[in-house]
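Okay, so here's the structure we're looking at.
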Amino acid sequence: MAWGATAQEAGGQVAGDELMPDADIVATRVVEIDAPPAAIWPWLVQMGPGRGGAYTYAWIERRLGIDIRNTDRIIPELQDLKVGDEIPMPGYAMRVERLDPGRVLVIRSSNHAWVWSFELRPVNGRTRLISRNRFDTAALPMRDKLAYPASPAWCRSCGWPTTNAAGTGGCMSGIARGSRKTTPGPCGGCSRWCRCGA
């Protein structure tokens, strides 16, 4: 499954693929953001429940039993994410497996059912934000299946689009909005969308 990705991005390697090489579901989503990686990175590293949120639709998170609050600002005390850190989720945790500041963030669920990778790729003064989800559906508890992209057969049987497809798309749109807001404008001290006249 791929949304917004070129054929090369959808079929190519993304950091974290090696953590689940035989995933039965792989979903790649890409958004191009008019901001440098340095403006996007702070929004990625502060994600999570009890942290910066997921920048997505709160009703989706509540439906999944996740008490999440989305912030609209960069939180300095949440910027020191490290490999090995765990982000608590209902019933499991997301462990930071790889972190290359300004470039790559890979997290994996403690039940080994999900690997979520982010890569920031600069292109012509903009950034391609790549999100790849890899899933082992056999390792997923039944209650969690709605939170993940479904296989075609499962989707046909339930007749309902999965919340993950909407949630990840909303997350990436939220990151894009936040990073554009925090990219310095011509005056050097406020957003490029400011009206300071500089």
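Please read these numbers as outputs of a predicted model, since none were measured by experiment.
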Exercise for review: Please confirm whether the backbone N or O of P76 pairs with a side-chain atom of Q46, one donor and one acceptor, at under 3.5 Å?
Suggested key: no
Practice item. Treat each ILVMFWY residue as a node, draw an edge where side-chain heavy atoms are under 4.5 Å apart, and state whether F118 and I87 are in one component. Key: yes
Check your understanding: So, the side chain of T127 versus the backbone of L120: is there a donor-acceptor pair under 3.5 Å, distance only?
Key -> no
Revision key, fill the gap. Test side chain to side chain contact (heavy atoms under 4.5 Å, CB included), reference R98, set V104, I107, L19, output is V104
Point to revise | Residue list, salt bridge (charged side-chain N to carboxylate O under 4.0 Å, His left out) with E119, at least two apart or on another chain | key: R121
**Study point:** Hydrophobic cluster identity match, M47 and M89, side-chain contacts under 4.5 Å
**Key:** yes
Check your understanding: Side chains of R132 and T28: donor-acceptor distance under 3.5 Å anywhere?
Key -> yes
Exercise for review: Give a yes or no answer on whether the side chain of N133 reaches the backbone of V115 with a donor-acceptor pair at less than 3.5 Å.
Suggested key: no
Practice item. Could you pull out the closest heavy-atom pair between G102 and P37, with the gap in Å? Key: O-CB, 3.5 Å
**Study point:** Any side-chain heavy-atom pair of R126 and N124 under 4.5 Å
**Key:** no
Point to revise | Electrostatic pair D17-R134, nearest N-O below 4.0 angstrom | key: yes
Exercise for review: Please examine the side chains of M20 and D136, heavy atoms only from C-beta on, and report whether any two atoms are closer than 4.5 Å.
Suggested key: yes
Practice item. Flag the pair T6 / R128 as yes when at least one side-chain heavy-atom distance between them is below 4.5 Å, and no otherwise. Key: yes
Check your understanding: Side chains of E86 and M94: does their closest heavy-atom pair fall under 4.5 Å?
Key -> no
Practice item. Could you check if a side-chain atom of W41 sits within less than 4.5 angstrom of a side-chain atom of L44, using non-hydrogen atoms only? Key: yes
Practice item. Please step through side chain to side chain contact (heavy atoms under 4.5 Å, CB included) for the pair V106 and V96, ending with a clear verdict. Key: CA-CA 6 Å; V106 179; V96 178; over 6 Å; no
Point to revise | Other residues, nucleotides, ligands: >12 heavy atoms within 6.0 Å of E77 CD | key: yes
**Study point:** Closest approach of V26 to A23 (non-hydrogen atoms, all atoms of both residues)
**Key:** CG2-CB, 4.0 Å
Study note, to complete from the structure: For S117 and G16, the nearest pair of non-hydrogen atoms, with its separation, is OG-CA, 3.7 Å
**Study point:** Residues which pass salt bridge (charged side-chain N to carboxylate O under 4.0 Å, His left out) with R108, listed by chain and number, not counting sequence neighbours
**Key:** E97
Practice item. Kindly state whether the ring of W116 and the ring of W114 have centres lying under 6.0 angstrom apart. Key: yes
**Study point:** Working for side chain to side chain contact (heavy atoms under 4.5 Å, CB included), residues L81 and L105
**Key:** CA-CA 10 Å; L81 197 65; L105 173 63; 3.9 Å; yes
Study note, to complete from the structure: Rounding to 0.5 Å, atoms CH2 (W43) and CD (Q79) come to a distance of 9.5 Å
Review point. Shortest non-hydrogen contact from I130 to V30?
Key: CG1-CG2, 3.8 Å
